[in-house]
Amino acid sequence: MQVVYHLGAHCTDDDRLVRSLGRNRTAFAEEGILVPAPRRYRQVMREVRLSLRGRESTDEIQEALLDAIIEEDRAKRLILSHELFLSAPNHAVTGEGFYAMLGRRLKALANIFPSAECEFHLALRNPATLIPALVARHPEFAYEGMMGGQDPTDLRWRPTIENAIETNPGVKLVLWCNEDTPFIWTDIMRRISGVGSEFPLQGELDLLSTIVTEEGLEKLGSALGGDSRPGADERHQIIAATLEEHARPDALEMEIELPDWTTEMVETITLNYEADIAAIAAMPGVELVAP
């Protein structure tokens, strides 16, 4: 069995991906690809992970967990999604660093189904927009407390991913940049589900419907649907042109107002992020989904 964990990160998904995948639940199930409803596994997965404390699960625990999660007799590919698989939002930055728990969390999740082939899927987001989004989403956490004493310019994905690979030799990481998601939504859906380009998908425009006007969405439906579906490169070009002409400004723009954050600091964080992505793409075990 293959177990696919989609981990977020925070403020990259809002459960849109698992909802879009869920629209294909019946068709996927015919191929042995199971997308259980989140309510069936999120709490019980947390309870099992905490009880194991990083140890490998027994056959009995795995069987009981699968009985709770799925109704089918067996799964070829089981897809589980929750940003809290990665961490609580107020632990994104700690005194240890930026998502410093990632390596340990991957190992703990893999040990829940130790006999399965595990994949971990994660959207990376520029810390210059991720931290403001986290603060806006969770006003109950003070900015200073959320930062864990870290300098904002030290929030780097590269050491986080390096540590995850070192802690989990042979790990399979499928990553993408949140900034690219509108262009590669279909690619992400197909990669996480494991279906080929010929498999008909529902929900390919779900994300774009939140960031383009109704006119733009209608044009996208006409251009991307029909019998002669465009290839990946042409699809990316069509989406780029539609976003340029029909994007909702409020969906793409973000005000960054945090204590002591300057334009220069945001630029530095962004340049660091771009450098990190280039380095991560070349790491062993990493598959970067990109336009």
Side-chain angles (χ1 to χ4, degrees), residues 4 6-38 76-77 79-81 83 119 121-126 129-130 133 174-255 274 277 281 287-291:
V4 180
H6 171 234
L7 312 172
H10 299 105
C11 300
T12 63
D13 177 69
D14 296 325
D15 276 349
R16 290 192 187 97
L17 182 54
V18 72
R19 287 199 299 269
S20 293
L21 291 169
R23 293 179 61 182
N24 302 272
R25 187 170 286 119
T26 300
F28 282 162
E30 293 176 358
E31 305 294 326
I33 304 163
L34 303 186
V35 188
K76 175 183 176 183
R77 188 174 178 88
I79 300 172
L80 306 171
S81 175
E83 65 178 27
E119 292 181 8
H121 293 237
L122 177 66
L124 310 182
R125 180 170 177 173
N126 184 351
T129 64
L130 172 57
V174 180
L175 309 176
W176 60 91
C177 295
N178 184 60
E179 297 78 13
D180 292 335
T181 306
F183 303 95
I184 59 174
W185 185 251
T186 295
D187 307 88
I188 295 167
M189 289 184 66
R190 293 191 183 282
R191 181 60 187 83
I192 198 168
S193 61
V195 300
S197 58
E198 73 288 346
F199 192 97
L201 283 178
Q202 299 293 321
E204 292 183 274
L205 298 181
D206 285 357
L207 177 62
L208 286 164
S209 68
T210 67
I211 59 178
V212 301
T213 63
E214 291 186 9
E215 180 184 359
L217 191 63
E218 185 176 340
K219 288 184 177 180
L220 275 173
S222 299
L224 299 179
D227 296 330
S228 57
R229 295 170 60 85
D233 290 342
E234 186 180 356
R235 184 175 70 250
H236 298 158
Q237 293 171 5
I238 291 170
I239 293 171
T242 303
L243 286 173
E244 184 174 352
E245 185 176 357
H246 297 286
R248 298 175 179 172
D250 60 326
L252 299 180
E253 296 177 358
M254 181 178 186
E255 294 285 339
E274 293 171 351
I277 294 301
E287 177 184 340
L288 186 70
V289 182

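In this view, A133 and C11, R125, M254 satisfy the side chain to side chain contact (heavy atoms under 4.5 Å, CB included) rule, not counting sequence neighbours.
Separating the CH2 atom in W185 from the CG atom in L208 is a distance of 9.0 Å, to the nearest 0.5 Å. In this structure, CG on L21 lies 11.0 Å from CG on D15, to the nearest 0.5 angstrom. Note: N126 CG to T12 OG1 = 13.0 Å, rounded to the nearest 0.5 Å. The CG atom of D180 sits 9.0 Å away from atom NE2 of H236, with the distance rounded to the nearest 0.5 Å. Here CZ of R23 is found 11.5 Å from CZ of F28. Values are rounded to the nearest 0.5 Å. Atom OG of S209 is separated from atom CD of E204 by 12.5 Å, given to the nearest 0.5 angstrom.
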Pairs under 3.5 angstrom only: tabulate donor-acceptor contacts from the side chains of residues 213-220 to other protein residues two or more places apart or in another chain.
unit_1: T213; atom_1: OG1; unit_2: G216; atom_2: N; d: 3.1
unit_1: K219; atom_1: NZ; unit_2: H246; atom_2: NE2; d: 3.3

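Counting only heavy atoms from C-beta outward, the side chains of I188 and W176 approach each other to under 4.5 Å. Between V4 and H121, the closest side-chain pair of non-hydrogen atoms falls below 4.5 Å. I192 has its side chain within reach of H6: a pair of non-hydrogen atoms, C-beta onward, lies under 4.5 Å apart. Side-chain contact between L288 and I277 is present, with at least one heavy-atom pair separated by less than 4.5 Å.
Without hydrogens or angle criteria, R25 side chain to V35 main chain gives a donor-acceptor distance under 3.5 Å. Looking at R16, its side chain never comes within 3.5 Å of a backbone N or O of D206 through a donor-acceptor pair. Checked by atom type and distance alone, the side chain of R235 never pairs as donor or acceptor with a backbone atom of T186 at under 3.5 Å. R248 places a side-chain N or O within 3.5 Å of a backbone atom of V212 that can act as its donor or acceptor partner. Side-chain atoms of S20 do not come within 3.5 Å of backbone N or O of L17 as any donor-acceptor pair.
Classification of R190 and E198 as a salt-bridged pair fails, no side-chain N sitting under 4.0 Å from a carboxylate O.
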(request) Check step by step if salt bridge (charged side-chain N to carboxylate O under 4.0 Å, His left out) holds for E287 and R191. (result) CA-CA 10 Å; E287 177 184 340; R191 181 60 187 83; 2.9 Å; yes
